[in-house]
2 protein chains.
Amino acid sequence: MAQRDTRERIVSTADLLFYERGYEATSFGDIASAVGISRGNFYHHFKTKDEILSAVIAQRLGDRQMMTQRWEAQESDPRSRIERFIDILLVNGEKIRRHGCPIGTLTSELAKLGHAAQAEAVHLFSLFRDWLAEQFARLGRPADADELALELLSRSQGAATLYNAFQDRAFLDREVAAMKHWLQQLAADASAAK
Amino acid sequence: MAQRDTRERIVSTADLLFYERGYEATSFGDIASAVGISRGNFYHHFKTKDEILSAVIAQRLGDRQMMTQRWEAQESDPRSRIERFIDILLVNGEKIRRHGCPIGTLTSELAKLGHAAQAEAVHLFSLFRDWLAEQFARLGRPADADELALELLSRSQGAATLYNAFQDRAFLDREVAAMKHWLQQLAADASAAK
DNA sequence: GTCTATAGATAGATAGAC
DNA sequence: GTCTATCTATCTATAGAC
């Protein structure tokens, strides 16, 4: 299955380069030389640049879905699961400092390009939005679970953007602490209401 | 002063196109045809693409500085001034829905490109950061004025990014209301401490 | 100060040998 | 399935006529 291997290597390499340099700024030649194949071979696997973008987004969707499933398996209570989401900012801190959030920056770029795949990229946000909403509902906030999910997504996006701009680690740590404190208050209020 | 006019038209047009399509995706030809001049004439005013980017950032800096000065002239108390900042999200709502925040998206793109002008673009954030910090200090929070300024900047960035992605006006309105409520609490706490 | 013409590099994409 | 060679379009940038 050498074909399958090459295809996967192309997608993984494109995923990384699209994140680090941006979609528009990454050429077929960049990807081909990074994978170690010729441009001609490249076109045997993907006919257009749009095709590889779709494959990259699909891979990211799969990755993130596995991530949330792992959190569900490892953490039993919704608050701990949501904390795992917040911790992405710390776990991927160095990457975010250099290249921003891989979901937010891709979505923004595709929106500007008027690219058809923008809707697919937004699915990446929707995946976390829906998963977080489910956790907030279980935490005792079924009525405004979706609003809380969007609010947390929004805060993490803002933190990623400003950390990328200012590169101020103290700011990132404060934002993470603030989100966890906000989450703790929600959990405490929910317990008191019972 | 036909030269000066042409130069200004180039900068204004580039400013708009860089915002709507992104810096990398906008070519000299795009700018030249939008202005209504030839590509050759273009190079009489700007020798490289980097030069025009610097001019665009400088113009945005001037615009935003005038904006904050206008807010200072029109609003006497710091809380009203900070509210004017929050209101940008509503005033420019339609543009943000389609193209995101002009400062956040430019900074992110330049960071990915490893572009030298990224530092200049971050100055745009710093301008608002410093101005907001001054207002928070006057509001009675001199000790953590800069932290509060970054927190508000962060929230507005997150709101802009998610509004651009989901295009959900109700979400944007909720975020604006939440920021104003947070500001009101800060002002009330500051008054009580006196 | 504005234009046309064009260089030189690189982009996405294709054809065909092996 | 991988390669080389090549096409066409477009990009940034320059030269020189008017």
Side-chain angles (χ1 to χ4, degrees), chain A residues 1-58 106 109-110 112-118 120-121, chain B residues 1-58 106 109-110 112-118 120-121:
Chain A
M1 295 271 173
Q3 180 188 2
R4 177 113 210 140
D5 282 352
T6 301
R7 196 195 139 92
E8 283 176 3
R9 276 163 58 214
I10 290 173
V11 175
S12 294
T13 304
D15 188 356
L16 184 68
L17 292 179
F18 287 171
Y19 175 41
E20 292 183 348
R21 308 182 191 178
Y23 172 70
E24 183 90 353
T26 303
S27 72
F28 275 29
D30 292 337
I31 302 170
S33 67
V35 174
I37 60 172
S38 69
R39 270 174 297 172
N41 186 4
F42 195 103
Y43 281 89
H44 176 73
H45 300 278
F46 295 97
K47 278 159 199 154
T48 66
K49 202 179 175 182
D50 290 359
E51 269 187 32
I52 190 172
L53 175 60
S54 287
V56 165
I57 293 173
L106 179 65
E109 184 182 1
L110 296 182
K112 276 189 200 293
L113 295 174
H115 199 290
Q118 206 255 356
E120 299 174 49
Chain B
M1 294 269 174
Q3 181 187 0
R4 177 110 210 142
D5 284 351
T6 301
R7 197 194 139 93
E8 283 176 3
R9 276 162 58 214
I10 290 174
V11 174
S12 294
T13 304
D15 188 356
L16 185 68
L17 292 179
F18 287 171
Y19 175 42
E20 292 183 348
R21 308 181 190 177
Y23 171 70
E24 183 90 355
T26 302
S27 71
F28 275 29
D30 293 335
I31 303 170
S33 67
V35 174
I37 59 171
S38 69
R39 270 172 299 172
N41 185 4
F42 195 102
Y43 281 88
H44 176 74
H45 301 277
F46 295 97
K47 278 159 199 153
T48 66
K49 202 178 176 184
D50 290 359
E51 269 186 32
I52 190 171
L53 175 59
S54 287
V56 166
I57 294 174
L106 179 65
E109 184 182 0
L110 296 182
K112 277 189 199 293
L113 294 175
H115 199 289
Q118 207 256 355
E120 298 174 49

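These numbers were taken from a predicted model, which means no experiment stands behind them. Per chain, numbering begins at 1; letters A, B, ... match sequence-line order.
The separation between B/Ile52 atom CD1 and D/dA13 atom P is 11 Å, rounded to whole Å. Atom CG in A/Asn41 sits about 15 Å away from atom P in C/dT14, given to the nearest Å. Per the geometry, NE2 belonging to A/His44 stands 21 Å off P belonging to D/dA5, to the nearest Å. Summarising the geometry, the separation between CZ on B/Arg9 and C1' on C/dT2 is reported as 12 Å, rounded to the nearest angstrom. We find that NZ of B/Lys49 is positioned 9 Å from P of D/dA13, with the value rounded to whole Å. Remark: C1' of C/dA13 and CZ of A/Phe46 are 15 Å apart, rounded to the nearest angstrom. Distance, B/Ile31 CD1 to D/dC11 P: 11 Å, rounded to whole Å. Rounded to whole Å, the distance from CD on B/Glu24 to P on D/dT10 is 17 Å.
Of the candidates D/dC3, D/dT12, C/dA13, D/dC3 carries the atom nearest the A/Ile37 side chain, counting heavy atoms from C-beta on. The side chain of A/Tyr43 sits closest to C/dT14 out of D/dC3, C/dA11, C/dT14. Nearest nucleotide to the A/Thr48 side chain, out of C/dA13, D/dC3, D/dA13: C/dA13. Candidate nucleotides D/dT2, D/dT12, C/dG12 were compared by shortest atom distance to the side chain of A/Arg39, and C/dG12 ranks first. Side chain of B/His45, nearest nucleotide from D/dA13, C/dT2, C/dA13: C/dT2.
The residue B/Ser38 sits close to a base: some heavy atom pair falls under 4.0 Å. Heavy atoms of A/Phe28 sit under 4.0 angstrom from primed sugar atoms or phosphate atoms, though from no base atom.
The aromatic rings of B/Tyr43 and B/Phe28 are tilted relative to each other, their planes meeting at an angle between 30° and 60°.
In summary, the side chains of B/Ser12 and B/Asp15 do not present any donor paired with an acceptor at a separation below 3.5 Å, with no hydrogens or angles considered.
Of the options B/Ile57, B/Ile52, B/Thr13, a side chain to side chain contact (heavy atoms under 4.5 Å, CB included) to B/Phe18 is made by B/Ile52 and by none of the others.
Proximity of a side-chain donor or acceptor of A/Glu109 to a complementary backbone N or O of A/Gly22 within less than 3.5 Å is not detected. For B/Arg21 (side chain) and B/Thr26 (main-chain N/O), no donor-acceptor pair under 3.5 Å exists by modelled atom type.
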